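Given the structure is predicted, the values throughout are model-derived calculations rather than measurements. Lettering follows sequence order; numbering is per chain, from 1.
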Amino acid sequence: MAANNPADANDSRTTAPSAWRAMLDVALPKLSLIPTGVASLLFVYGFVAWTIWLSMTKSTLLPTNSFAGLAQYRVLFSLDTWWVSVINLAIFGLLYVLICLAIGLFLAILLDQKIRAEGWLRTIYLYPLALSLVVTGVVWKWLLNPGLGLQHFIRSLGFSGFTFDWLITPDMAIYAVVIAAVWQASGFVMALFLAGLRSIDDSIIKAAQLDGASLPRVYWSIIIPSLRPVFFSAVILLVSLAIKSFDLVIALTDGGPGYSTWLPAIFMYNIGFDRGQIGLGAASATLMMAAVALAMLPMLIAELRERRHDKQG
Amino acid sequence: MTSRVDPGRRRFSPARLLIYAVLILAAAYYLLPLYVMLVTSFKTLEQISNGSLLSLPSPFTTQGWLDAWGTACTGVDCSGLHRYFWNSVAFTLPAVLISTGVGALNGYILTKWRFRGSELFFGLLLVGTFVPFQMFLLPMAWTLGRIGLANSIAGLILVHSVYGIAFTTLFCRNYYVNVPDELVKAARVDGAGFFTIFWRIILPLSVPILMVSLIWQFTQIWNDFLFGIVFTSGSQHPITVALNNLVNTSSTGIKRYNVDMAAAMITALPTFIVYIIAGRYFVRGLTAGAVKG
Amino acid sequence: AADKGEIDVLNWWTSGSEAKSMGVLQKMLADDGYKMVNDAASGGGGANARTVLKSRIQSNNVPGAAQIKGPQIQQWCDTGLVGNIDQVAQSQNWDKLLAPTIAKGMQCDGHWVAVPFNIHRINWLWINRSVLEKVDADIPASWDDLVATLAKLDKAGITPIAGGGNTWQVATEFDAIVAATGGADFYRKAFIELDQDALASDTMAKSFARLRTIKQYTDPNGTGLSWNHDTGMVVKGEAAMQIMGDWAKGEISNNGATPGKEIACVAMPGSEDTFVYNIDSFEMFQVDSEAKQAGQRAFARTAMSPEFQRRFNKAKGSIPVREGVSLDGFDACAQKAQKAYDKAKSGKALVATMSQDNAEVGAVKGAIFDVIARFYNSDSIKPAEAAKQLAQRVKQAEQMAQL
Amino acid sequence: MSALAIRNVHKRFGDTTVLEDINLEVDEGDFLILVGPSGCGKSTLLNMLAGLEPLTEGEILLNGQRINDRSPRDRNIAMVFQFYALYPNMSVRRNIRFGLQMRKVPRAQQAEIVRNVARILQIEPLLDRKPAQLSGGQRQRVAIGRALARDPALFLFDEPLSNLDAKLRVEMRTEIKLLHQRLGTAMVYVTHDQIEAMTLGNRIAVMNEGRIQQLGSPQDIYDNPVNRYVAGFIGSPAMNFIPCDLVGENGALSLSLSGAGGPAHLPLPEALRARLGAQNKTRVVLGVRPEHVTPAGPSHDSAVDCTVRVVEPTGPDTYVFTQVNEVEVIARCTPGQAPAPEETLALNFDLSRAVFFDPDSDARLA
Amino acid sequence: MSALAIRNVHKRFGDTTVLEDINLEVDEGDFLILVGPSGCGKSTLLNMLAGLEPLTEGEILLNGQRINDRSPRDRNIAMVFQFYALYPNMSVRRNIRFGLQMRKVPRAQQAEIVRNVARILQIEPLLDRKPAQLSGGQRQRVAIGRALARDPALFLFDEPLSNLDAKLRVEMRTEIKLLHQRLGTAMVYVTHDQIEAMTLGNRIAVMNEGRIQQLGSPQDIYDNPVNRYVAGFIGSPAMNFIPCDLVGENGALSLSLSGAGGPAHLPLPEALRARLGAQNKTRVVLGVRPEHVTPAGPSHDSAVDCTVRVVEPTGPDTYVFTQVNEVEVIARCTPGQAPAPEETLALNFDLSRAVFFDPDSDARLA
Ligand SMILES: Nc1ncnc2c1ncn2[C@@H]1O[C@H](COP(=O)(O)OP(=O)(O)OP(=O)(O)O)[C@@H](O)[C@H]1O
Ligand SMILES: Nc1ncnc2c1ncn2[C@@H]1O[C@H](COP(=O)(O)OP(=O)(O)OP(=O)(O)O)[C@@H](O)[C@H]1O
Ligand SMILES: [Mg+2]
Ligand SMILES: [Mg+2]
């Protein structure tokens with residue numbers, strides 16, 4: 001008990017007020033953020049600034065400093081490939097994020113019901129993330145190809161009218177990309193939600209059941225709202241993935257048919273590196289970044305503001 | 001801790017059967033491509049070009065796997081993937097640990113040690129995730145060249161850590177928001193300092209999210225191709241670049257799909273193992289009993 | 001033994017015969033006492049390798065040689081970063097060994113900066129003879145013949161043409177069609193000189209129209225599948241023909257047939273005299289140490305050596321870029337290609353391919369690809385319209401390149 | 001038919017047996033108080049009634065129907081949790097309203113009910129706050145409010161007033177009592193507060209070590225505990241237990257108590273004398289509550305002189321700690337009567353209200 | 001020099017002012033009780049003392065040194081949290097030991113201390129459990145244990161016994177008191193329990209609406225509340241407040257109280273008469289505690305006849321609810337004296353213990 005404590009062990013601390021430790025208390029958290037801050041300042045914001053600058057130069061094969069004003073942007077706006085990429089990103093991004101969220105959450109909730117083989121199922125849902133898209137793209141290409149894959153298979157079962165040819169239809173190919181992309185990422189979203197579910201206090205759920213809520217209702221009214229931070233994480237993650245979707249599209253359609261499944265990332269890589277128009281590529285990157293940041297800003301602000309408000313309580 | 005489901009309805013109610021049915025159906029969706037890959041990897045080239053996509057391999061051959069591991073060409077070097085495996089390990093492990101650790105620490109600070117501007121800091125960190133990495137290649141190459149890390153494992157560790165932190169921070173922060181602040185208060189009164197609280201109280205409570213973060217980072221870094229191909233060369237290449245070289249013929253080369261599929265699975269093996277191990281730590285109710293309210 | 005010099009070679013040849021051939025080169029160099037570091041970055045038809053090159057330059061880690069094609073050799077030359085192999089070229093007398101058009105492409109400002117490896121012919125039509133027999137047709141000799149045969153095949157329920165919808169494949173087909181429709185001179189005017197009138201001409205419109213005809217006889221399900229798959233279909237008789245460069249031979253033998261026998265190799269009807277070529281070449285970059293420069297010289301010397309030219313090209317399905325190399329042991333189609341090459345060279349019908357980066361810089365090629373892709377995938381665009389667009393986009397791209 | 005019947009209920013967590021063979025009937029309109037030491041299984045029992053913990057054995061009947069396997073939401077039970085279990089994502093208002101929404105109460109009525117409950121619990125200004133922004137007592141009131149808003153077949157309260165101040169607690173107690181009178185709904189109520197236990201319910205179940213020790217009306221349990229455990233548990237300060245000898249013949253049995261001076265012999269009242277005499281014991285444990293040990297008036301002849309050790313004023317009463325027969329004995333005085341420590345005080349033992357236990361078995365003797 | 005000094009402390013959450021100009025001194029060896037209604041800012045104040053909430057204004061001195069900006073771990077303060085805040089990942093043993101490890105207490109000693117604390121708190125069998133496996137009272141005891149294990153310069157307790165049963169509570173109370181006597185460490189203790197408040201500390205601070213209403217010794221606060229708020233807050237059941245007229249001349253001032261029959265005039269004691277008369281009021285509020293309103297003996301002439309409304313037996317005492325001057329008045333009887341509802345009872349008001357308030361300002365008059 002307390003009386004047995006060695007008085008000396010802490011008395012020295014009380015009597016000698018360590019002002020520096022108090023300062024450390026305030027400073028340490030901030031100090032610990034410095035590496036991240038510096039890295040982000042240099043490797044993200046520095047590079048972004050550089051990219052913006054490049055977009056206003058005449059750079060072709062290599063970056064140069066020859067100022068070109070907004071000429072690259074003017075060209076950009078005149079390119080059909082750019083507009084196709086942008087519209088594709090909008091379609092793809094929206095569907096991808098929404099479907100991944102829906103499937104991820106749904107599976108997480110089901111897995112949360114004390115499922116026997118949870119470990120295995122979880123791994124099965126996750127594994128697509130592990131596989132290199134360079135190869136899985138090929139498999140999906142086969143599966144979605146009408147002549148080889150599902151359409152062929154189902155027709156061979158006797159449903160000769162069955163048609164599933166999105167992949168080769170220019171207007172629909174982007175939706176086929178969504179299928180494969182969802183396949184790849186939804187498992188991870190599931191894991192994210194599952195981790196969130198596991199942090200929720202059981203007794204709250206009990207209370208809700210007593211209040212007469214059905215299990216779906218408990219999830220809808222209590223659990224899912226508490227998962228809001230997880231939603232936030234998942235959305236940020238998925239949007240970022242959507243923007244960066246590159247390997248998958250390349251492997252699945254190589255941007256085709258034609259350039260009907262181009263996304264800005266492909267546009268940029270293709271134009272900037274393959275075709276040697278770095279200035280134009282930088283302009284596309286700049287615009288896309290600005291657009292996405294603008295689109296995400298309301299959510300970002302809402303989330304961060306809300307949290308601060310909660311914290312007051 | 002009891003079941004989430006009403007205790008009375010634990011066993012084989014129709015609802016549970018339905019749940020299992022849906023889960024298994026979902027598993028089928030996820031497994032279908034894997035199935036195709038697996039059977040293809042055990043087929044002969046002839047069967048691949050003649051047979052049906054979904055048919056079982058006959059004759060069954062492990063040639064694809066052997067080739068992928070030992071003799072397939074990834075350039076001039078025709079000794080399969082195994083040489084590149086350790087390259088990947090060498091930068092993946094440090095980068096995963098660094099980025100996850102830093103992310104957890106950041107998340108802890110951003111929720112439990114808020115200060116004026118901490119939300120802004122976080123917001124700015126997040127905006128960085130919206131930039132396609134392709135755009136960072138040249139400036140990054142320039143920077144790595146200047147600091148002498150071009151074409152090195154250390155360079156890759158740096159790159160992967162830096163670009164992973166935003167995500168790990170995001171995951172952890174949004175998890176810690178739900179960890180009661182009172183725990184930190186109690187620990188502070190108990191005399192624990194900033195790092196002690198992190199290490200002794202917060203980390204043990206964040207196992208599920210650390211697992212998520214680990215899974216994410218491991219997968220992203222292990223599977224990264226772009227940085228690997230650009231910032232390393234030749235024998236330094238990570239396994240994904242080797243896989244890509246193995247799989248991607250130039251427009252004039254010939255494809256060996258069985259080897260490709262086998263190579264893809266070999267490449268993914270460590271990630272599978274991480275998933276299975278990490279998955280065991282998804283336990284329920286880590287903060288249960290901490291605080292009332 | 002590898003101490004006389006070294007070279008770091010950036011390329012995108014990673015598979016099968018190509019990689020093996022690079023291995024041969026590496027071995028030959030090693031035997032001579034040079035170390036060749038093979039830095040392979042495959043994917044995207046060289047896009048990855050091109051990206052790697054740029055970042056390596058940014059990080060001051062310049063390769064000794066990099067796989068670069070066609071006009072890009074000149075583009076890199078303009079950056080002032082390229083190396084010089086005049087010494088080798090002179091000692092081996094490259095002026096004599098290479099066709100003038102080709103030789104010109106390897107030089108910049110009067111200096112040799114790149115070494116060519118091989119010559120592929122693009123405007124080939126690969127035909128499964130037995131399938132033609134089935135519908136009682138002969139090898140088509142003219143465009144109309146071809147269309148008639150295609151129609152027959154179609155009626156018989158056989159896919160007339162195997163062709164993926166990949167833009168580079170379509171562009172390859174277009175290459176052959178333009179050569180067949182307008183001949184070598186027109187092709188040169190349009191794709192190499194980028195003459196606005198030629199690009200917007202009726203001939204170009206006609207070529208587009210023919211492309212659409214070809215498309216109609218192409219299996220839509222092939223879209224997105226690789227060219228290998230198409231070749232396989234031809235060999236198996238599921239499809240009758242494929243328009244593809246002569247690297248298709250590898251896949252034909254792979255499927256158990258012999259190029260030139262079961263599968264006939266004929267020039268795209270109408271382009272018999274024209275030789276649309278694809279040359280793979282390596283450009284040198286400025287390196288600081290003497291050892292590295294020595295490595296560059298050895299690399300160029302060995303690449304042009306008759307022995308390497310034979311071994312490499314036999315494996316790759318192309319013909320040697322160096323003249324006067326014996327074709328003993330090469331297959332029938334290679335022999336045929338060599339003859340066509342010789343004839344075209346004298347008749348000035350040797351033209352660089354647009355579809356494989358030999359004819360124009362990336363920006364312009366990209367613009368052409370975009371127009372072709374758009375036309376191919378949207379049946380509402382009229383051929384004349386496409387030709388006009390082509391001219392306009394090419395002009396814009398040229399301006400961009402000189403911005 | 002009883003509203004709630006608990007039959008042979010057992011509960012084990014792993015190896016630990018928490019509840020053993022619990023049997024209870026709660027009638028329509030009953031108000032049952034559960035008391036017992038910390039960790040004796042009260043919350044566990046409530047949880048089982050609510051369907052939140054599975055039974056290990058036994059059955060539970062609500063209005064005659066076996067509900068063991070019925071899901072919590074089909075039991076129509078409202079509960080105030082010891083650990084509140086407020087919905088952290090909802091405002092106070094929505095916390096209270098949630099149960100109503102689930103039961104499809106019309107919107108207008110919901111608002112009305114919430115207003116009412118908030119008024120009763122004095123949390124009107126807090127309705128739009130989140131639980132994290134509330135103090136302990138405020139959270140507890142919200143938890144109560146959530147239950148009160150409903151109209152269930154059974155109310156379960158798990159120490160619902162523990163974090164409230166005395167004044168508020170009295171008010172809330174009254175409210176709950178009124179509610180019970182108005183609705184007549186059966187209630188089961190866990191409390192550690194003696195006053196609540198004595199005044200709120202019509203029956204008390206005293207639990208210990210997973211068993212029910214005694215079930216009876218408050219007054220009955222207070223006056224007639226069945227064993228020493230119950231006697232000691234109910235009442236605060238606790239009953240004094242004094243081991244003492246029975247002296248004298250059957251006809252004039254008296255107790256020997258020694259305080260500061262020599263032993264005093266206190267004659268037993270008639271009724272006790274007969275009952276205790278019948279048991280043939282010479283040594284018993286006298287149980288007498290502090291309020292029955294009071295300073296003796298001057299004219300008392302059977303008082304026991306004791307030395308005052310500690311004096312503890314509590315406001316209305318002052319407790320005096322002394323020693324009798326070598327055990328501590330607490331006496332209650334009015335503040336005015338209070339002696340100073342070390343003084344000698346003559347104490348009067350009201351044996352007519354005393355009870356007696358077997359020193360070995362702790363069972364009640366008389 | 002006082003151990004703890006709180007000077008002009010203010011605290012606001014956003015727009016809500018929670019604490020306003022708090023000034024308190026706690027001397028070496030003091031045991032200060034904080035009481036006040038739910039939500040008045042007690043926990044907030046403790047949090048600020050511990051360094052867990054920043055002050056909005058003011059300063060805090062520990063042993064003469066300003067500690068506003070000192071980090072919690074350098075304040076050397078131990079605290080029992082109202083919401084326990086147990087480390088869920090650690091066993092009970094490690095929860096208790098954590099603070100010792102942080103203070104670099106030698107390992108052997110740690111074990112010793114843990115064993116000791118566990119014994120006192122009766123949680124020995126639970127040492128290897130996780131918090132989630134504990135009952136409410138057990139968790140609370142662990143939370144106490146965590147503080148007791150330490151040897152701080154100041155103890156802060158936030159309702160530490162609220163979830164314990166009465167018996168255990170008395171034992172814990174005694175333990176805390178003994179601990180305090182042995183260590184002499186200053187303590188600040190929040191409680192809602194009247195007995196704890198009255199018996200544990202040597203000083204009580206009554207808070208309301210973010211201000212300290214009165215600071216004094218327990219008995220002083222009980223007997224001499226400075227205003228009606230304090231009077232009503234301390235004591236349970238609460239003091240009766242009866243508005244009534246002062247009648248009669250200066251020389252023989254008396255109170256007019258009417259129960260069941262006509263008004264009775266109760267003469268004021270001498271001392272009061274002077275003080276009240278000086279204020280020239282005709283209407284006052286009489287404050288009289290239930291224990292001073294008792295059934296009148298037969299010989300009493302200044303008794304007030306009242307009708308009994310409710311009778312509430314609590315065990316030791318029985319409370320009788322009646323009406324005087326149209327407000328509810330609670331009288332205390334022994335269970336034996338208790339009348340039946342609707343009976344008429346003559347009540348004696350012990351005016352010598354009564355206090356008087358201004359009906360308008362609620363300030364104390366006399
Ligand atoms: N984060 C916050 N934001 C806004 N108001 C708050 C916050 N935390 C506490 N409050 C308010 O401050 C007041 C004081 O809270 P505190 O917890 O100190 O009360 P308390 O005196 O301890 O009450 P109780 O006895 O119920 O525990 C309460 O009205 C509460 O609602
Ligand atoms: N999940 C669990 N695993 C093991 N033991 C448990 C678990 N939950 C509770 N217990 C034990 O069961 C016993 C009964 O717990 P319960 O919460 O019912 O007690 P209680 O009577 O409500 O106590 P309190 O008055 O302290 O709240 C306790 O000893 C507790 O330690
Ligand atoms: Mg309990
Ligand atoms: Mg509080």
Side-chain angles (χ1 to χ4, degrees), chain B residues 1-4 7 104 107-109 111-119 172 175-211 280-293, chain E residues 43 46-54 70-92 94-105 129-136 138-140 142-143 146-147 149-152 154-156 158 162-163:
Chain B
M1 277 145 279
T2 49
S3 159
R4 276 256 149 120
Y108 162 62
I109 297 168
T111 51
K112 305 291 172 231
W113 297 82
R114 287 166 207 241
F115 51 87
R116 185 183 279 281
S118 58
E119 307 291 345
C172 293
Y175 186 86
Y176 295 155
V177 161
N178 285 338
V179 171
D181 290 353
E182 276 88 351
L183 294 181
V184 174
K185 291 186 180 176
R188 293 182 72 191
V189 169
D190 262 349
F194 175 74
F195 285 111
T196 314
I197 298 176
F198 177 59
W199 187 252
R200 302 280 303 266
I201 311 285
I202 297 292
L203 277 188
L205 290 180
S206 33
V207 177
I209 203 66
L210 288 182
M211 290 307 137
R280 310 183 62 192
Y281 294 91
F282 270 89
V283 278
R284 133 107 34 252
L286 284 166
T287 54
V291 168
K292 60 174 168 178
Chain E
S43 299
L46 291 200
N47 269 313
M48 293 194 308
L49 293 182
L52 300 171
E53 283 280 1
R70 211 186 278 176
S71 93
R73 64 182 171 139
D74 292 321
R75 295 190 182 196
N76 200 14
I77 287 174
M79 175 160 173
V80 179
F81 288 83
Q82 184 170 14
F83 294 118
Y84 315 166
L86 302 180
Y87 310 127
N89 55 312
M90 300 186 190
S91 65
V92 168
R94 291 186 52 219
N95 258 286
I96 297 176
R97 208 168 51 188
F98 186 73
L100 302 175
Q101 289 175 330
M102 291 302 106
R103 310 268 163 192
K104 307 233 181 334
V105 174
R129 291 215 199 149
K130 292 277 176 76
Q133 297 172 311
L134 301 178
S135 79
Q138 290 164 342
R139 286 183 206 181
Q140 195 160 39
V142 176
R146 215 162 46 173
R150 301 235 332 254
D151 178 25
L154 175 67
F155 276 108
L156 305 175
D158 201 350
S162 61
N163 275 293

Exercise. Do you know which of E:Leu52, E:Asn89, E:Asn47 has the most heavy-atom pairs with chain B at a distance under 4.5 angstrom?
Worked result: E:Leu52
Exercise. Is the number of heavy atoms from other residues, nucleotides or ligands under 6.0 Å of B:Phe115 CZ greater than 12?
Worked result: yes
Problem set entry | Straight-line distance of B:Arg200 CZ to E:Gln101 CD, nearest 0.5 Å | 4.5 Å
Exercise. Who are the side chain to side chain contact (heavy atoms under 4.5 Å, CB included) partners of B:Phe195, not counting sequence neighbours?
Worked result: A:Leu28, A:Ser32, B:Leu105
Exercise. What residues, two or more places apart in sequence or in another chain, satisfy side chain to side chain contact (heavy atoms under 4.5 Å, CB included) together with B:Ala192?
Worked result: B:Ala187, B:Thr196, B:Ile197, E:Phe98, E:Met102
For this session: Select one option (side chain, backbone, both, neither) describing which atoms of E:Tyr87 are under 4.5 Å from chain B's heavy atoms.
Result: both
For this session: Test B:Val189 against E:Arg146 for side chain to side chain contact (heavy atoms under 4.5 Å, CB included), laying out the working first.
Result: CA-CA 10 Å; B:Val189 169; E:Arg146 215 162 46 173; over 6 Å; no
Exercise. What pair of heavy atoms forms the shortest contact from E:Ala85 to B:Ala186, and how long is it?
Worked result: O-CB, 3.7 Å
Exercise. Listed by residue number, which members of residues 201-211 of chain B have a heavy atom under 4.5 Å from any heavy atom of chain E?
Worked result: B:Ile201, B:Pro204, B:Leu205
Problem set entry | Atom of E:Pro72, atom of B:Arg188 and distance for their closest heavy-atom approach | CD-NH2, 3.0 Å
Seminar exercise, completed: Assert top hit (heavy-atom pairs under 4.5 Å, partner chain B, pool E:Leu86, E:Leu134, E:Asn95) equals E:Leu86
Exercise. Got a sec, which residues hit ring pair (Phe, Tyr, Trp, His ring centres under 6.0 Å) with B:Phe198, two or more places apart in sequence or on another chain?
Worked result: B:Tyr108
Seminar exercise, completed: If one checks every heavy atom of E:Arg129 against chain B at 4.5 Å, the contacting part turns out to be neither
